[in-house]
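In what follows, residues are counted from 1 in the order of the sequence shown. All values below come from the heavy atoms of this structure, side chains included, with hydrogens, waters and symmetry mates left out.
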Amino acid sequence: MKYIFVTGGVVSSLGKGLTSGTLGALLETRNLKVRMQKFDPYLNVDPGMMSPFQHGEVYVLDDGAETDLDLGHYERFTHCKLSRFNSMSSGQVYEHVLQKERRGDYQGKTVQVIPHVTNEIKDRLYAASKDVDVLITEIGGTVGDIEGLPFLEALRQFSLEVGKENVLFIHITLLPYLKAAGELKTKPSQQSVAKLREIGIQPDILVCRTEQPMDDDMRMKLSMFCNVEQRAVIEERDVEHSIYELPLMLDKEGMGELIVQKLHIDCSASDMSGWENIVRRVISPSNGECKIAVVGKYINLQDAYKSVYESLAHAGISNDCAVKILRVDSEEVEAKGAEAILKGVDGILIPGGFGDRGIAGKVMSAKYARENNIPYFGLGLGMQVAVIEYARNVLKLADANSSEFDAKTSNPVISSFEDLDKATSMRLGSYECKLIGDSISSKAYGEEFIRERHRHRYELNNAYRSRLEDAGMVVAGVNPKRDLVEIVEVKNHPWFVGVQFHPEFQSKPSNAHPLISAFVAEALKFSKSK
């Protein structure tokens with residue numbers, strides 16, 4: 001069993017998650033079985049209650065775990081199927097330790113960070129060491145953060161226990177470019193590695209994030225001061241077109257071969273043809289371009305809709321076309337009108353969200369798409385606002401709303417499911433959906449039963465279901481166990497689909513989600529018809 005630990009230094013947001021996912025991809029091209037894992041030092045139990053302004057997207061797994069968005073990178077770049085077992089925060093660690101203490105598991109001993117907290121972290125590593133060739137574990141935060149020290153100490157101990165020949169430490173650092181001096185600076189990286197060595201960890205590979213190319217003298221300098229082989233000083237430049245260029249970039253730098261040599265892994269040669277084809281379609285698509293408006297309330301946050309943006313890119317790859325994303329603030333639609341903001345787009349997508357801010361603009365956007373035959377795709381809340389809009393303007397229920405936004409509405413076409421506790425509970429994780437009839441969705445999926453991931457508290461109110469259907473709204477998918485509406489469509493519209501689930505969480509660059517791919521295909525068709 002081999003282990004790779006990925007740490008970061010100098011600053012946060014260096015792209016450790018992307019790099020970790022890429023390492024997994026490089027090993028998979030050599031037919032190695034990989035498992036990915038993320039350790040986050042923050043004290044929150046998970047990101048589920050964290051603000052998008054603080055944390056970005058909450059990535060949901062099949063088992064309902066609400067995790068860091070980096071787990072999305074792991075699933076997109078590799079064939080890993082992740083669960084809550086693959087994500088652990090300091091909050092979870094301390095929670096487990098305190099539960100054991102309360103049960104008397106420590107037999108009255110003084111409970112300390114060392115060994116009790118570090119043992120808890122090591123236990124997770126040992127438990128993950130089954131049925132795979134390589135375990136890749138990313139440590140969140142930056143070396144030097146006080147909350148990350150127990151994790152790094154646990155890794156130091158672990159490397160001694162399993163044998164240093166079976167462990168590889170990869171440290172990702174920043175080489176800042178000083179424009180006034182006209183050069184890259186290595187000192188922050190030297191300090192970061194020095195801090196890591198103080199803890200007792202010597203990095204084996206140094207990955208240098210940089211905007212400018214490194215020369216041999218700089219590699220030699222970093223090698224000397226950081227005690228890393230010169231060939232193990234890896235340049236990781238900003239990609240030009242897409243994050244999916246990263247596997248090819250690091251493969252060219254020799255990263256994959258370096259890893260298997262240092263860990264003494266006997267494996268087949270790499271086959272990068274799949275990634276080469278993906279990048280070719282990203283850089284030089286042969287089937288034109290379409291413009292998709294993503295209408296949301298966190299549109300100015302880089303990572304709030306990360307999986308949505310990536311899934312649209314995947315659909316572009318599958319259709320061999322360019323997808324130009326127009327990020328639209330729903331409050332701007334409310335202020336200026338849908339026509340002023342959305343005129344000229346080839347498709348409108350409304351992603352998920354919570355709270356009533358910006359809802360009016362989303363309803364206006366759904367109406368604009370329906371009335372102008374523009375392809376529309378609603379995800380989670382995007383489905384709910386489509387139902388609200390339809391009820392108001394087709395059923396003529398002027399006050400139709402969600403009970404989330406107006407608890408006193410006389411027409412709650414969207415309401416909380418009776419056995420869900422609004423304060424704490426949501427429908428989370430993978431649920432079955434039965435596709436009904438000759439619908440847009442059934443044609444896209446090509447099968448009767450599917451499973452998709454959910455994250456929501458409110459559902460289409462079945463009391464209004466028959467009235468909506470009589471007025472031309474198609475119920476194209478239901479959860480068979482609870483008879484909950486999962487998919488709605490609109491008759492006599494080229495492509496209008498709303499789903500209660502989040503298909504973006506199961507899309508990959510090598511295997512675009514069928515429904516999102518069908519949406520982009522229709523947007524491309526709409527673009528060419530204009």
Rounded to the nearest 0.5 Å, what's the gap from [atom1] on [X] to [atom2] on [Y]? Could you check?
{"X": "Ser403", "Y": "Tyr458", "atom1": "OG", "atom2": "OH", "answer": "5.0 Å"}
{"X": "Asn479", "Y": "Ile487", "atom1": "CG", "atom2": "CD1", "answer": "11.5 Å"}
{"X": "Ile283", "Y": "Arg280", "atom1": "CD1", "atom2": "CZ", "answer": "10.0 Å"}
{"X": "Ile440", "Y": "Glu489", "atom1": "CD1", "atom2": "CD", "answer": "4.5 Å"}
{"X": "Glu236", "Y": "Leu250", "atom1": "CD", "atom2": "CG", "answer": "5.0 Å"}
{"X": "Asp238", "Y": "Glu240", "atom1": "CG", "atom2": "CD", "answer": "11.0 Å"}

Got a donor-acceptor contact below 3.5 angstrom from the [X] side chain to the [Y] backbone?
{"X": "Ser89", "Y": "Gln92", "result": "yes"}
{"X": "Arg455", "Y": "Gly48", "result": "yes"}
{"X": "Ser318", "Y": "Ala315", "result": "yes"}
{"X": "Ser311", "Y": "Val308", "result": "yes"}
{"X": "Glu28", "Y": "His79", "result": "yes"}
{"X": "Asp399", "Y": "Ser410", "result": "yes"}
{"X": "Asp63", "Y": "Ala65", "result": "yes"}
{"X": "Ser442", "Y": "Gly437", "result": "yes"}
{"X": "Lys396", "Y": "Asn393", "result": "yes"}
{"X": "Thr29", "Y": "Leu26", "result": "yes"}

So with a 6.0 Å cut-off around [atom1] of [X], is the heavy-atom count from everything else above 12?
{"X": "Lys81", "atom1": "NZ", "value": "yes"}
{"X": "Asn492", "atom1": "CG", "value": "no"}
{"X": "Lys508", "atom1": "NZ", "value": "yes"}

Handout entry: Verdict with reasoning, Asn287 to Lys528, per side-chain hydrogen bond (donor to acceptor under 3.5 Å, both in side chains)
Key = CA-CA 10 Å; Asn287 201 21; Lys528 292 180 176 181; 2.7 Å; yes
Problem - Partner of Arg35 under side chain to side chain contact (heavy atoms under 4.5 Å, CB included), chosen from Thr78, Val132, Leu82 - result: Val132
Handout entry: Option passing side chain to side chain contact (heavy atoms under 4.5 Å, CB included) with Thr22 (candidates Leu246, Ile243, Val207)
Key = Leu246
Whether [X] and [Y] hold their rings parallel, tilted or perpendicular, with breakpoints at 30° and 60°:
{"X": "Tyr376", "Y": "Phe496", "value": "parallel"}
{"X": "Phe77", "Y": "His73", "value": "perpendicular"}
{"X": "Phe519", "Y": "Trp495", "value": "tilted"}

For [X] and [Y], which heavy atoms make the closest approach, and how far apart are they?
{"X": "Asn373", "Y": "Phe526", "answer": "O-CE1, 3.5 Å"}
{"X": "Pro494", "Y": "Glu522", "answer": "CB-OE2, 3.9 Å"}
{"X": "Gly288", "Y": "Leu524", "answer": "C-CD1, 4.2 Å"}

Problem - Test log, rule salt bridge (Lys or Arg N to Asp or Glu O under 4.0 Å), inputs Arg370 and Glu389 - result: CA-CA 10 Å; Arg370 181 178 60 81; Glu389 185 280 320; 2.7 Å; yes
Taking only distance into account, with no hydrogens and no angle test, what donor-acceptor pairs under 3.5 Å do side-chain atoms of residues 349-364 form with protein atoms, sequence neighbours excluded?
unit_1: Arg357; atom_1: NH1; unit_2: Lys297; atom_2: O; d: 3.4
unit_1: Arg357; atom_1: NH1; unit_2: Glu331; atom_2: OE1; d: 2.9
unit_1: Arg357; atom_1: NH2; unit_2: Lys297; atom_2: O; d: 3.1

Problem - Arg451/Asp62 under salt bridge (Lys or Arg N to Asp or Glu O under 4.0 Å): CA gap, chis, key distance, verdict - result: CA-CA 9 Å; Arg451 293 194 72 89; Asp62 278 350; over 6 Å; no
Under a 4.0 Å N-O cut-off, is there an ion pair linking [X] with [Y]?
{"X": "Glu459", "Y": "Arg482", "value": "no"}
{"X": "Arg30", "Y": "Asp133", "value": "no"}
{"X": "Arg453", "Y": "Glu75", "value": "yes"}

Practice task
List the steps and the verdict of side-chain contact (heavy atoms from CB on, under 4.5 Å) for His502 and Val60.
Solution key: CA-CA 9 Å; His502 291 277; Val60 179; over 6 Å; no
Handout entry: Worked verdict on His454 versus Phe505 for ring pair (Phe, Tyr, Trp, His ring centres under 6.0 Å)
Key = CA-CA 9 Å; His454 294 65; Phe505 291 148; over 10 Å; no
Practice task
Assess Arg124 against Phe85: is NZ or CZ under 6.0 Å from the centre of the six-membered ring, and within 45 degrees of the ring's axis?
Solution key: yes
Handout entry: Glu371: partners by salt bridge (Lys or Arg N to Asp or Glu O under 4.0 Å), with sequence neighbours left out
Key = Lys367
Problem - Set of salt bridge (Lys or Arg N to Asp or Glu O under 4.0 Å) partners for Asp131, sequence neighbours left out - result: none
Practice task
For side-chain hydrogen bond (donor to acceptor under 3.5 Å, both in side chains), just list the numbers for Glu57 and Tyr309, CA-CA rounded to whole Å, side-chain angles, deciding distance to a tenth of an Å, and then say yes or no.
Solution key: CA-CA 11 Å; Glu57 174 186 77; Tyr309 299 144; over 6 Å; no
Practice task
Could you check Ser87 against Asp46 for side-chain contact (heavy atoms from CB on, under 4.5 Å), going step by step and ending with a plain yes or no?
Solution key: CA-CA 9 Å; Ser87 176; Asp46 60 45; over 6 Å; no
Problem - Verdict with reasoning, Met272 to Leu248, per side-chain contact (heavy atoms from CB on, under 4.5 Å) - result: CA-CA 7 Å; Met272 300 299 293; Leu248 296 181; 3.7 Å; yes
